Participant: 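If you scroll down you'll find the structure; I have some questions about it.
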Amino acid sequence: MSTVSTVVGGISFWYAQEGTPAPREPLPGDTSVDVCIVGGGYTGLWTAYYLKRAVPFLNITVLEAKFCGYGASGRNGGWLYNGIAGRDRYAKLHGHDAAVRLQKAMNETVGEVVRTAAEEKIDADIHQGGVLEVAHTPAQLARLKDFHSVEIAFGETDRILRGARETAERVQVTGAVGSTWTPHGARLHPAKLVKGLADAVEALGVTIHESTPVTEIKPKHAVTPYGTVRAPYVLRCTEGFTASLKGQKRTWLPMNSSMIVTEPLPARIWDAIGWEGRETLGDMAHAYFYAQRTADDRIALGGRGYPYRFGSATDNDGRTQASTVTALRDLMVRLFPVTAGVHVDHAWSGVLGVPRDWCATVTLDRSTGLGYAGGYVGSGVATANLAARTLRDLIQQDSGQAGPTELTALPWVNHKVRRWEPEPFRWLGVHGMYAAYRAADRRETTSPRIGTDPIAKAADRIAGRH
């Protein structure tokens, strides 16, 4: 497929459609505040929002290298859902009941975001249609059934398992042999949410400085080219861009994810596909996809593409390889053959943060005042909100303004993990892992085997995902 007329990069389709925000002023010089938040994405903005709401007299400053939502918050697939990275590991470390509490908090977080967006009059094209995940092969169906059972065991009793016919009645995904659906999910427009949230934060009296890259974070200091912000609490909310900070090169790996979006599709195509419930849509492949039906009737679909750049480098404004665009388009046509002649309007990429043990984390070091949240492994649209409310509670507890809460007792709080391997082992490991996952997917497609392919199991063990 030619991509000559497909816009590639430009940050994301969401910003091409919405327009980039008017620039905010950079930091004018050295200053002192009560709380300094580094990173103007969902995590940083939600943290500022909840802290300022809880303690209005706090002087809070957000520092953002580009503009609010430049990173994953303005490029993601628009999945507001209840998945959280690392829950199974937290169950092993802290017990099943602790992990159930974490999952319950995530389930409630979906509704929290929907309610807060409505209260703040943020029109982010939110549609709470739930999450539908499909299986295409015998091995995927076995994983899907296991996944469904596990989710129920973690308290998600409103989850539904569907067969091939029931799945087709929801969405006509070619070759789907079953699916599982949860109501704890919604589709949204990422850039509209982050822009509205930034405006809401400013309206509360929080100061946001854009075009202000932080080069180093140390106790009570955030260092930038324009000056240093001093604060009792400095919170790192940089997710996939964490490696750019001094001393953080191997903390979280910036994993690439890529997306395409079609032109608006005519009624005849939607009549063939269905998808009237506008569920967010994914599958049980090892190299899985994620998709949504947008408010203006496009298909937005994403996957890993080129998974990792050497040295934890990040992309240039969402630029995406032509081979990735072609692969994603081919995947879309396999899923929905009726889209064979559809034009792809835009393609882009972004990075997400991956800890070495694939576990999302919220931390506040009471001895230094340094905190951070992230490592969402692609599940950050909702998880960032829960992380922000948890950071709020941790700071209030540490400052003596409140005591422990249900959120400060969740098992992901103050979780520690080792750093990633140095290069070239990091690059070789990630690319080898995804080569193994793709090979396993190909083998499962052509095999009647019911169980997961051994190649994928080996890749999971080496990667530390289980």
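The first residue in the sequence is number 1, and the count goes up from there. Bear in mind that the values here come from a model prediction, so they are computed numbers and not experimental data.
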Participant: Please check if the side chain of W79 supplies one atom and the backbone of Q292 the other of a donor-acceptor pair under 3.5 Å.
Facilitator: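 Checking the backbone N and O of Q292 against the side chain of W79, no donor-acceptor pair under 3.5 Å is found.
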Participant: May I ask you to check whether W275 and F336 place their ring centers less than 6.0 Å from one another?
Facilitator: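 Centroid distance W275-F336: below 6.0 Å, so yes.
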Participant: Indicate yes or no: does D317 engage K66 in a salt bridge with an N to O separation below 4.0 Å.
Facilitator: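 Here D317 does not pair with K66 in a salt bridge, since their nearest N and O are not under 4.0 Å apart.
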Participant: Considering only heavy atoms from C-beta outward, does the side chain of V171 approach that of I273 to under 4.5 Å?
Facilitator: yes
Participant: Just checking, is any N or O donor in the side chain of S5 or H343 under 3.5 Å from an acceptor N or O on the other one?
Facilitator: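 Yes - a donor-acceptor pair under 3.5 Å links their side chains.
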Participant: For a quick check under 3.5 Å, do H189 and D123 share a side-chain donor-acceptor pair by atom type?
Facilitator: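 The answer is no; no qualifying pair exists.
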Participant: Looking at R356 and E421, is any side-chain nitrogen of the basic one under 4.0 Å from a carboxylate oxygen of the acidic one?
Facilitator: yes
Participant: Test of understanding: with side chain to side chain contact (heavy atoms under 4.5 Å, CB included), list the residues that count as partners of T262, not counting sequence neighbours.
Facilitator: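 Testing T262 for side chain to side chain contact (heavy atoms under 4.5 Å, CB included), a comparison that skips the adjacent residues, returns L265, R298, I299, M332, V342.
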Participant: Going by atom types only, do S258 and T324 share a side-chain donor-acceptor pair under 3.5 Å?
Facilitator: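 Looking only at side-chain atoms, T324 and S258 do not form any donor-acceptor pair under 3.5 Å.
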Participant: State, with a plain yes or no, whether a side-chain heavy atom of D88 is found less than 4.5 Å away from one of F154.
Facilitator: yes
Participant: With a cut-off of 6.0 Å (strictly less than), are more than 12 heavy atoms of other residues, nucleotides or ligands near CD of E263?
Facilitator: yes
Participant: Could you tell me if the ring centre of F67 sits under 6.0 Å from that of Y15?
Facilitator: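 Aromatic pair counts; centres sit under 6.0 Å.
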Participant: Answer yes or no: is there an ion pair linking E166 with R170, defined by an N-O contact shorter than 4.0 Å?
Facilitator: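 Judged by the 4.0 Å cut-off on N to carboxylate O distance, E166 and R170 do not form a salt bridge.
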Participant: Before accepting this row, confirm whether a basic side-chain N of the pair K195/D199 lies closer than 4.0 Å to the acidic partner's carboxylate O.
Facilitator: no
Participant: I'd like to know if the side chain of T167 and the backbone of A176 have a donor-acceptor N/O pair within less than 3.5 Å.
Facilitator: no
Participant: For R87 and Q103, does a side-chain donor sit closer than 3.5 Å to a side-chain acceptor?
Facilitator: yes
Participant: Check whether the side chains of R334 and T174 place a donor and an acceptor atom closer than 3.5 Å, and report yes or no.
Facilitator: no
Participant: So, are E202 and R24 salt-bridged, with charged N and O less than 4.0 Å apart?
Facilitator: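 The answer is yes: the pair qualifies as a salt bridge.
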Participant: Salt-bridged, D125 to K192, with N to O below 4.0 Å?
Facilitator: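 Salt bridge between D125 and K192, a charged N being under 4.0 Å from a carboxylate O: yes.
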Participant: Can the positive tip of R392 be found less than 6.0 Å from the middle of the six-membered ring of W46, inside 45° of the ring normal?
Facilitator: no
Participant: Could you walk me through whether E120 and T116 satisfy the side-chain hydrogen bond (donor to acceptor under 3.5 Å, both in side chains) test, starting with their C-alpha distance in whole Å, then the side-chain angles of each, then the deciding distance to 0.1 Å, before giving a yes or no?
Facilitator: CA-CA 6 Å; E120 294 295 341; T116 305; over 6 Å; no
